[in-house]
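Just so it is clear, the values below take in all heavy atoms, side chains as well, and ignore hydrogens, waters and symmetry mates. This is a predicted model, so every value here is computed, not measured. Letters A, B, ... are given to chains in the order of the sequence lines, protein chains preceding strands, and every chain is numbered from 1.
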Amino acid sequence: MINKIAESLEVALSGVEDGATILIGGFGDAGMPNELIDALIAQGAKGLVVVNNNAGQGETGVAALLKTGRVRKIICSFPRNADSQVFDNLYRAGRLELELVPQGTLVERLRAAGAGIGAFYTPTAFGTELARGKESRRIDGRDFILEYPIHADYALIKAEAADRWGNLVYRKAARNFGPVMAAAAKCSIAQVNRIAELGDLDPEAIVTPGIFVSRVVRVARPVPGVAVNAGEGRP
Amino acid sequence: MINKIAESLEVALSGVEDGATILIGGFGDAGMPNELIDALIAQGAKGLVVVNNNAGQGETGVAALLKTGRVRKIICSFPRNADSQVFDNLYRAGRLELELVPQGTLVERLRAAGAGIGAFYTPTAFGTELARGKESRRIDGRDFILEYPIHADYALIKAEAADRWGNLVYRKAARNFGPVMAAAAKCSIAQVNRIAELGDLDPEAIVTPGIFVSRVVRVARPVPGVAVNAGEGRP
Amino acid sequence: MTYARCSRAEIARRVAADIPEGAYVNLGIGLPTMVADHLPPDREILLHSENGILGMGPAPAKEDIDPDLMNAGKQPVTLLTGGAFFHHADSFAMIRGGHLDICVLGAFQVSASGDLANWSTGEPDAIPAVGGAMDLAVGAKSVWVMMELLTRKGESKIVPRCTYPLTGVGVVSRVYTDLAVIDITPDGLSAYDLVPGLDMAELQRLTGVPLGARVAALK
Amino acid sequence: MTYARCSRAEIARRVAADIPEGAYVNLGIGLPTMVADHLPPDREILLHSENGILGMGPAPAKEDIDPDLMNAGKQPVTLLTGGAFFHHADSFAMIRGGHLDICVLGAFQVSASGDLANWSTGEPDAIPAVGGAMDLAVGAKSVWVMMELLTRKGESKIVPRCTYPLTGVGVVSRVYTDLAVIDITPDGLSAYDLVPGLDMAELQRLTGVPLGARVAALK
């Protein structure tokens, strides 16, 4: 019987090696797999390359991961924020490499990795600083630059519900990078608010089919004012 | 008030010019917009370039369109079938140009058109006859060929239900090329079995958001043994 | 000369008035977000957000804020009846694929040929951040800029050639400012809807870029 | 020598026995489709179909046939509990992106270096048709071929070099035939599970391509 449900966050994160490339979903707080990030910090892998739309805010989540000093490089579209002080300090100190990628190019490079595309021409960033050093080509009278896929070892994403085959559904704008990152990594790990029985997710409405998901772990949705009861496994 | 629902198949097909490139959805009979094809035949545009996975079977649908002699070229992955005699005869007579494209490359070229990608490298067909004359490139030790988008003027697709904003849901494997073709054409026309009230389609489960759809026409699902009551507009 | 600048709300209202029924529109973060508050209530206009929303509605009441439903500026929003959710790759396919009718962006500078600079001041110690600006700049059918015409130092943000790092080349077709609306066309700039009391000569002096007067204002 | 060829059903059963629990598998049209009927009932195996199905189940009873639910060979199928539908671009992203564990394809010829020819006989008057074969050939983690070893004329379909047009270059890792199973490895071909009564020398004579005997059969 296929059962992708891990009994704890620790089990879900097992095997992450030093030097791994790790995709982290979320846009703002929506879809941000904070508990998986905490578990990755506890797991201890270092020399990581992290891909996320931002570069952490405040002192938790991606910012907390950066603060451990175990991230070598971050690939993102929007690192600068009012409260991105952890990133700012590391970056200014030269202790964190930044690859800045336009948001649409970032997600298309992830999509290319998942879809087996070797490279693609995009009009985005042509003629700008971010095209520096990149090949360009004029196609049908329009200018494009060549971009390559971002393959990853792991994806940490957050979804609303999963079944034991790893089928996922999301909630509202928390979907964002999740489905694309799930397909782009060798091992995709989803934290979900709810485990569904096989067959409870509508086959017409499954957003990420289980083929893209290796491990699932349930993390109960935090109740305001109550400590998070994380990683207790199946409900 | 936005209302993309056309009152008849004729209205839905209005404006198709000679020489247009027309995407036609469907895989086998599932998702095949037969009534839109009939309406295109009635509309009379000629010199067309048609894109479909196949090249018609029997004497109806795409085969009937080909038989009119108004199709100059067909782009498809699998023209040969037990009952593809209309295509076979035209092709052997040199009266129909064929561009044969691997199925995954076909749909990715359509996806590229819809997503604004100028060209992409795919491993599919490298080293085969179908790569003849195409650029190739070795990326990370693997060989790829360069493929270009298929932009189209119109897409004719079939979906299960639509609302007046053009949001679409499909039914089972009838989804196939529909969502990708809808995004690849300047004007996408969907025939649907059912018109839904705005808000009746679950925003989490809408497969094709209305931004990709220009016109919708209701064609009642045929009842076995009963003549089709086509193009009667809103239910 | 005696004239009053438009307020930001007035510029937003002016932009909103030009958005037609049925348009698919992305409002950039910052100033352009204000346009949402001034859309004519009698028109159905669909707002797109990079993070996977089509059909964004107004901000919710405080008790209805949903952390999974925010715009690209990470402000809480709602979903209109008929709206839809999708993932980020599909969202940027909409943008890059030319499916948005209009995108309204803020700017540091816009050049006379429609180049846009809005993502980086180019200062050596600045931390760069680009987000979706470059995708929106090349992708939308019409890219409108909404900005105050002059910097705090009184320098024109409409310039012969951008000195700030570019976001996109030749992409802007119209600039809404606190003093006038300026179209960027292959034949040059044309200004219209000047604030009362401001004449073309003075506007010309402020911008320093050759301006033609448009004879008939488009709506 | 006295030996009996495996029937097609026996080859299908042999293939099915090698598919592990939890595998994502695409079965090509024609002969490979038969593998579905022999999957071990105690294993959960997920069948993928190009036309947007993951978790295909067996053929339905005649009265339950649904025209919107067919496989890539356009035969009616069912959906297992837990299956999902998706569009064609996502379906080929699964294929091309290396997400399928195994693809089983028919073949006209397979070369000693794993080249596959299965889409065209190359006859000048033939109407070509490729479908998804080239995508499957390059995309799946393991490409297995299922075929009779000899043509009707008695010629080996395992060949030093394909004479038919290629589907993919160096893609096949294993060939299941009616006489033996042959692995294609960087060190050459290795044959095993020969039918009773057939020895390696005779198999070698039939194929005409150097064959090594595998010491321990993998399961």
Partner chain B: residue of [options] with the largest heavy-atom pair count (under 4.5 Å):
{"options": "D/V169, D/D66, D/D90", "result": "D/D66"}
{"options": "D/L136, D/L166, D/V138", "result": "D/V138"}
{"options": "D/G139, D/A117, D/P165, D/G52", "result": "D/P165"}
{"options": "D/G131, D/A84, D/A133", "result": "D/G131"}

Should we count CG of D/D42 as having more than 12 external heavy atoms under 6.0 Å? yes
So does B/R137 have more than 12 non-hydrogen atoms from other groups sitting under 6.0 Å from CZ?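 Yes, the 6.0 Å shell around CZ holds more than 12 heavy atoms from other groups.
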Between [X] and chain B, which part of the residue has a heavy atom less than 4.5 Å away: side chain, backbone, both or neither?
{"X": "D/I127", "result": "both"}
{"X": "D/S120", "result": "neither"}
{"X": "D/F85", "result": "both"}
{"X": "D/P128", "result": "both"}

Which heavy-atom pair separates D/A89 from B/V107 by the least distance, and what is that distance?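 What the structure gives for the nearest pair is N-CG2, 3.6 Å.
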So what's closer than 4.5 Å to chain D heavy atoms on [X]: side chain, backbone, both or neither?
{"X": "B/R80", "answer": "both"}
{"X": "B/S84", "answer": "neither"}
{"X": "B/V207", "answer": "neither"}
{"X": "B/L106", "answer": "neither"}
{"X": "B/F177", "answer": "both"}

Sort out for me which of [options] touches chain D most, counting heavy-atom pairs under 4.5 Å.
{"options": "B/A55, B/A30, B/G31", "result": "B/A30"}
{"options": "B/R111, B/M181, B/E108", "result": "B/E108"}
{"options": "B/D29, B/V180, B/T128", "result": "B/T128"}
{"options": "B/G178, B/S77, B/C76, B/A131", "result": "B/S77"}
{"options": "B/P179, B/P102, B/A125, B/G28", "result": "B/P102"}

Which residues in residues 167-176 of chain B have any heavy atom lying under 4.5 Å from a heavy atom of chain D? B/R171, B/K172, B/A173, B/A174, B/R175, B/N176
Residues of residues 141-161 of chain B with any heavy atom under 4.5 Å of a heavy atom in chain D: B/R142
Taking the side chain from B/R92 and the backbone from D/D125, do they hold a donor-acceptor pair closer than 3.5 Å?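 Indeed, once roles are kept as given, a pair shorter than 3.5 Å links the two residues.
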What is the distance from atom [atom1] of [X] to atom [atom2] of [Y], rounded to the nearest 0.5 Å?
{"X": "D/S49", "Y": "B/F27", "atom1": "OG", "atom2": "CZ", "result": "6.5 Å"}
{"X": "D/K74", "Y": "B/F78", "atom1": "NZ", "atom2": "CZ", "result": "7.5 Å"}
{"X": "D/H88", "Y": "B/Q103", "atom1": "NE2", "atom2": "CD", "result": "3.5 Å"}
{"X": "D/F92", "Y": "B/T122", "atom1": "CZ", "atom2": "OG1", "result": "11.0 Å"}

